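For reference, the structure is listed below as structure tokens.
As the structure is a prediction and not an experimental result, all values here were calculated from the model. Every chain is numbered from 1 and lettered A, B, ... according to where its sequence line falls, protein lines coming before strand lines.
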Amino acid sequence: MFDVKKVREDFPILGRSVRGVPLVYLDSGATSQKPFQVLDAERHYYENSNAAVHRGAHALAEEATDAYESARETLANFVGAETSEIVFTKNATEGINLVAYAFSNATDKARHGLEVDPRFVVGPGDSIVVSEMEHHANLIPWQELCAKTGATLRWFGVSDEGRLILEPGVIDSSTKFVSVVHQSNLLGTINPVKEIMDMAHAVGALGMVDVCQSVPHMPVDVRELGADFATWSGHKMLGPTGIGILWGRNDLLNAMPPFLTGGSMIEMVNMDHSTYAPAPQRFEAGVPMVAQAVGLARACDYLTDLGMHNVFEHERELTAYTLAELAKVDGVRVIGPTDNSERGSAVSFVVEGIHPHDVGHMMDAQGVAVRVGHHCCWPTCKRFDVPATTRITTYIYNDKADIDQAIAGIKDAQAFFGTSSKVSA
Amino acid sequence: MFDVKKVREDFPILGRSVRGVPLVYLDSGATSQKPFQVLDAERHYYENSNAAVHRGAHALAEEATDAYESARETLANFVGAETSEIVFTKNATEGINLVAYAFSNATDKARHGLEVDPRFVVGPGDSIVVSEMEHHANLIPWQELCAKTGATLRWFGVSDEGRLILEPGVIDSSTKFVSVVHQSNLLGTINPVKEIMDMAHAVGALGMVDVCQSVPHMPVDVRELGADFATWSGHKMLGPTGIGILWGRNDLLNAMPPFLTGGSMIEMVNMDHSTYAPAPQRFEAGVPMVAQAVGLARACDYLTDLGMHNVFEHERELTAYTLAELAKVDGVRVIGPTDNSERGSAVSFVVEGIHPHDVGHMMDAQGVAVRVGHHCCWPTCKRFDVPATTRITTYIYNDKADIDQAIAGIKDAQAFFGTSSKVSA
Amino acid sequence: MSEDLYQEIILDHYKNPRGKSVFMTSLGESHQVNPTCGDEVTVHVGSGPDGTIQVSYECQGCSISQASASVMSELINGKTPEEAAPIQAAFIELMQSKGKLEPDEEVLEDGIAFAGVSKYPARIKCALISWMALADAQIRAQLTPAPNNSGTD
Amino acid sequence: MSEDLYQEIILDHYKNPRGKSVFMTSLGESHQVNPTCGDEVTVHVGSGPDGTIQVSYECQGCSISQASASVMSELINGKTPEEAAPIQAAFIELMQSKGKLEPDEEVLEDGIAFAGVSKYPARIKCALISWMALADAQIRAQLTPAPNNSGTD
Ligand SMILES: Cc1ncc(COP(=O)(O)O)c(C=O)c1O
Ligand SMILES: Cc1ncc(COP(=O)(O)O)c(C=O)c1O
């Protein structure tokens, strides 16, 4: 196991005060903080090798291209993928949209008599399957695809314990695509994605897993997901803002029409017709986020040095502690699994009689940064009949003292709003 | 006017050696270098205020949101726009695609009976107009739109002098959209975009200007372009990689269907239906490139301190010098305007008997970084019957000594390949 | 601590909301949602026999949004559109002031308690949501001050 | 300077290209383009009476791509598919070596001059393009060594 105290030294921001008290950052599920090693790597790139990649023959351009492509290799190794299967996007949201647009673009082109891979053509009578615990990023692109093509959106429901209800018949022969979250950012649930992807493949559908909350927090091998695509963001795993990853099976990426089009993704260009490069270039139009790729690769190295198994174990322990401490506070209800198996470190809760906004505010006044709201899972909130939740999420730099501080904040809120007789120390 | 020597001190990379000789960077048209002020601003954000914007209520989230939205304001002021008209994208390529997808998405939705603004619905019989000097980023998205909708792509040709030929009839009553480049990245030509936008509006079409090569190099007021949309990249104007801008008239942005969908761009979300926020949020799905926005705003301030008029004058002078010096070298043919009016600082040329790749290589051996190839304007190369060109582009940190070094490299190439009797010193 | 946000007046309005259900005929209704937290408010606007505004509302949200709706109803109910307009403008101005405005108690009465909210960008929307719904409902009910300052329907 | 890139041998092949038009019946043709610079090469493959490979090519491109095509034709023309295969493999390996491989003159002859090119990532494609076209044309002409190592058609 690693030394949290030592890890914290790598994160200058954690030494900060907010509202006059020391910062306790428990919002890594929204975005993680960055170690100086990542910031140094980005800066080193800018100060030494910055140039347009894949477009120049001079020395700097060669160095920049090498830095960018090496970063791709690091990312591929981090999740057990082939280098050519790693597409850099600006965030996970773009990754999911990229795949959704492969369907609408292929469908449009098929209508105009162009040759496309039939697996990406959808229309009335076809279905797309998601779940009731999806982040908006893995819901709305599919709603939009259905609105544009006439396909139908279906979803797996969620049990009172916050587990997926894998009802038979949701996925059936009409299903063309299945996309589910690996670890829910609101409930913390870890879903049996391999089983779901197998269900998809059994009916000839393709499948994607939203690994935004799993790749930063546990060892993930994309081959073991059983999926065709997976996507996540760099900013949640110690990396810079503005970069994400789409992993896709090579044969599928090469069977998809392009998404964003322009420079660097072409093979031949004429005024009236163009042909396109193979993946991953096909999906990286324009000058890409080179410095961010370099920074993200450094973040992978940082996590690899800690060991992703250790990261998972560290957070498992913190989650157990968080669940236990919350259980001791009267009037607190956890939304999501309360037993610590098949769940990650996101813990959402509501406090009886106090709106999550007010809970979060009282915690913030103690320096505790937690997120309040629907966490971009509004339908999940509705499923649990709450307008919003307060959410604690942890990472490698958090310890039990941080959780204690959060609990104290909750008790403060209860005392302040008079919903509890116990006043915190 | 500003002091180039002092400016250079802000760019650590310019002190570098490549291939054993001092670097002469003449490839800013591909991407610019970054002053330490921009890098410091990004780092300061990461080390002090990093959090997910628009999604948290805690102190850091408020600071991050403020940093991000202040950056938007700075960008708006830089080009005379309203703050709500500035959409952050990952690069200019995304900006153009965003607009192109507004058309294909609206067209798809109209087909399925959904209410959309008819200005964005296109089909057979409609035309889209570009020019023969467009960057691939402003060509292929429109080819793709036409392939998906049955609309027809038309274009203005280019004269031997590298000027647009504004033939009547190219834009006519069938035209739904016109998109042209402000300053060609290959030819250097500055186009009469106001006139072209007026032609578009006269037939009821909407119009966009690709300002990738103008905003970094001259004062640009988006209102004076006469356009409905304009787009550019941050990395060409001293800013970080991974960020660009789409400017759009507010009423139009709000009349467009969304492009990327997911978190932060919503108004209401249900499992089967969602509604969307107004612009600019509508077009910024997912956690955005916050640090990059902060860095880019700092780049705007840096340029504003120099004065964009001064930047333009400085480069005008350098361009005049470059054209004059190239004219003295036997066997060099400039592709693009040779008189220094209505042109920017990109100077493309071919050297008789030597392939541009070889010219560029010999210059690189002298430390001179220039770009060789089709510069993502392959059809423009074909128009001039050259496979590629060598291109000199300058910026605020270049001076005449840099041009001298480039000319020496060209002469070296001629001597080496035996195409000239004069051997360089 | 949180004194600048949670003034006594705010807590009082939160715990004892005023004017939640005024009996009236609704002439205009507006439903507003805060997309970042899911809070919802519905405001109905009617007209009294003397041409004054009648307001009723339902609000699901945090203490700030509930207290603000209560204050809003107390301040606006029974005012003519002409009397209400400067109060509405003053409250919106206060919320946009980033804590830098000294509110006028003559105009805003209990509303001055929200001065501290304007220092918390994420909470400003909570305080404003019922006022936004009011303005929208007034337009629908055509109960804005004459001459009609339309343009946002 | 540029000695490691522009060897005398390369300049010689560039200025005096060998085997540009071999008279033959084309059994397979491949047109390849370098998308970053617009260079184009077309390679035709035929078969001699003794089952050897005949190669002819047209090339529009830089000195490296032209010289490489010339060397390619010189090395491959008149070889059986079995004899050609190790030469092709050796050249590709050399190009991917980042300057760290000592080329075998026995196998590559003039091709060893390209060792320096492998240090310039942006030029490797130039050196390889004609060899890629050759491999592709061979597959189309079914002039690959038996047993057929297919899988890339
Ligand atoms: C004129 C022009 N348009 C569009 C682009 C595309 O910009 P980016 O690659 O940053 O998206 C460029 C630069 O490459 C350009 O010079
Ligand atoms: C499960 C899940 N999916 C998707 C996303 C979207 O990621 P981003 O906003 O970085 O695109 C997030 C994070 O916000 C997430 O937690």
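In this structure, no portion of A:Ser28 lies under 4.5 Å from any heavy atom of chain B. Residue contact with chain A, scored on non-hydrogen atoms closer than 4.5 Å, involves the side chain of B:Val130 exclusively. When heavy atoms are compared at a cutoff of 4.5 Å, B:Tyr101 approaches chain A solely by way of its side chain, counted from C-beta outward. In this structure, no portion of B:Ser17 lies under 4.5 Å from any heavy atom of chain A. Contacts between A:Leu39 and chain B at a heavy-atom distance below 4.5 Å involve backbone atoms as well as side-chain atoms. Contact of A:Asp272 with chain B is made through backbone and side chain together, with heavy-atom distances under 4.5 Å. Within the 4.5 angstrom heavy-atom criterion, only side-chain atoms of A:Glu144, from C-beta onward, approach chain B. Only the side chain of B:Lys382 comes within less than 4.5 Å of a heavy atom of chain A; its backbone N, CA, C and O stay farther away. Using a 4.5 Å cut-off between heavy atoms, A:Ser274 touches chain B through backbone and side chain atoms alike. Interface remark: A:Tyr276 contributes side-chain atoms only to the contact with chain B (heavy atom separation under 4.5 Å). Interface residue B:Leu23: only side-chain heavy atoms are found under 4.5 Å from chain A. For A:Thr390, no part lies under 4.5 angstrom from a heavy atom of chain B. Using a 4.5 Å cut-off between heavy atoms, B:Leu139 touches chain A through its side chain atoms alone. Only the side chain of B:Leu153 has a heavy atom closer than 4.5 Å to any heavy atom of chain A. If you measure heavy-atom distances from B:Ser32 to chain A, the contacts under 4.5 Å come from the backbone alone. Of the atoms belonging to B:Arg111, it is side-chain heavy atoms, and not backbone ones, that fall under 4.5 Å from chain A. No part of B:Pro257 comes within reach of chain A, as not one of its non-hydrogen atoms sits under 4.5 angstrom from that chain. Contacts between B:Pro141 and chain A at a heavy-atom distance below 4.5 Å involve backbone atoms as well as side-chain atoms. Contacts between B:Glu134 and chain A at a heavy-atom distance below 4.5 Å are absent for every atom of the residue. Residue contact with chain A, scored on non-hydrogen atoms closer than 4.5 Å, involves the side chain of B:Gln143 exclusively. With a 4.5 Å cut-off on non-hydrogen atoms, A:Glu284 does not touch chain B at all. The part of A:Asn91 that comes within reach of chain B is its side chain, from C-beta onward, which places non-hydrogen atoms under 4.5 angstrom from that chain. If you measure heavy-atom distances from B:Met363 to chain A, you find no contacts under 4.5 Å at all.
For the set A:Gly244, A:Ala147, A:Gly360, the entry with the most heavy-atom pairs within less than 4.5 Å of chain B is A:Ala147. Residue with the most contacts toward chain B among A:Leu14, A:Leu98, A:Val269, A:Thr152: A:Val269 (heavy-atom pairs, distance under 4.5 Å). Taking B:Asp27, B:Val372, B:Val368, B:Thr107 one by one and counting their heavy-atom pairs under 4.5 Å with chain A, the maximum is reached by B:Asp27. Between chain B and the residues A:Gln33, A:Met265, A:His357, the largest count of heavy-atom pairs under 4.5 Å involves A:Gln33. If you tally non-hydrogen atom pairs under 4.5 Å between each of A:His273, A:Glu42, A:Glu132 and chain B, the highest count goes to A:His273. When B:Ile13, B:Leu60, B:Val287, B:Thr380 are compared by the number of non-hydrogen pairs under 4.5 Å with chain A, B:Ile13 comes out ahead. Top candidate by heavy-atom pairs under 4.5 Å with chain A, chosen from B:Cys377, B:Ala57, B:Cys146, B:Ala52, is B:Ala52. For the options A:Thr149, A:Val290, A:Thr89, heavy-atom pairs under 4.5 Å to chain B are most numerous at A:Thr149. Here A:Met271 is the residue among A:Met271, A:Arg16, A:Lys236 with the most heavy-atom pairs under 4.5 Å with chain B. For the options B:Ile266, B:Val18, B:Asp108, heavy-atom pairs under 4.5 Å to chain A are most numerous at B:Asp108. Between chain A and the residues B:Val370, B:Thr93, B:Val38, the most heavy-atom pairs under 4.5 angstrom are made by B:Thr93. Of the listed residues (B:Ala293, B:Gly373, B:Pro240, B:Ser233), the one with the most heavy-atom contacts under 4.5 Å to chain A is B:Pro240.
Two residues are said to be in side-chain contact when any heavy atoms from C-beta on lie closer than 4.5 Å; B:Phe156 and B:Met133 fail this criterion.
Taking CD of B:Glu62 as the reference point, atom CG of A:Asp364 lies at 7.0 Å (rounded to 0.5 Å). Put simply, CD on B:Glu94 and CD1 on B:Ile243 are 10.5 Å apart, with the number rounded to the nearest 0.5 Å. Between the NE2 atom of A:His44 and the CG atom of A:Asp40 there is a distance of 9.5 Å, given to the nearest 0.5 Å. One distance of note links CZ of A:Arg391 with OG1 of A:Thr393; it measures 4.5 Å at 0.5 Å rounding. Separation of atoms CD (B:Glu47) and CZ (A:Phe11) is listed at 11.5 Å; rounding is to 0.5 Å. The NZ atom of A:Lys34 sits 9.5 Å away from atom CG of A:Leu296, with the distance rounded to the nearest 0.5 Å.
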Practice task
I would like to know whether B:Gln292 and B:Phe88 meet side chain to side chain contact (heavy atoms under 4.5 Å, CB included); could you show each step before the answer?
Solution key: CA-CA 10 Å; B:Gln292 291 77 28; B:Phe88 285 117; over 6 Å; no
Problem - A:Arg154 and A:Trp142: CA distance, side-chain angles, deciding distance, side chain to side chain contact (heavy atoms under 4.5 Å, CB included) verdict - result: CA-CA 10 Å; A:Arg154 297 179 182 174; A:Trp142 307 112; over 6 Å; no
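Between A:His135 and A:His375, the ring center distance fails the sub-6.0 Å criterion. Under the 6.0 Å cut-off for aromatic ring centres, A:Phe259 and A:Phe283 do not qualify, their centroids lying 6.0 Å or more apart.
Taking each heavy atom of B:Asn138 and B:Ile96 in turn, the nearest pair found is OD1-CG2, 3.8 Å. Across B:Ser104 and B:Lys148, no two heavy atoms sit closer than the pair OG-NZ, 3.7 Å. Of all the heavy atoms in A:Leu260 and B:Lys90, the pair that sits closest is CD1-CE, 3.5 Å. Here the closest non-hydrogen pair linking A:His58 and A:Ala51 is CE1-CB, 4.1 Å. For the pair B:Tyr68 and B:Pro288, the tightest heavy-atom approach, listed with the atom from each and the gap, is OH-CB, 3.3 Å. Minimum heavy-atom separation, A:Ala67 to A:Tyr45: CB-CD1, 4.2 Å.
Under the 3.5 Å distance criterion, the side-chain polar atoms of B:Thr31 are matched with a main-chain donor or acceptor of B:His235. Between the side chain of B:Tyr46 and the main chain of A:Pro35, no donor-acceptor pair closer than 3.5 Å is present.
Ring pair B:His374/B:His136 is tilted by interplanar angle, where 30° to 60° counts as tilted.
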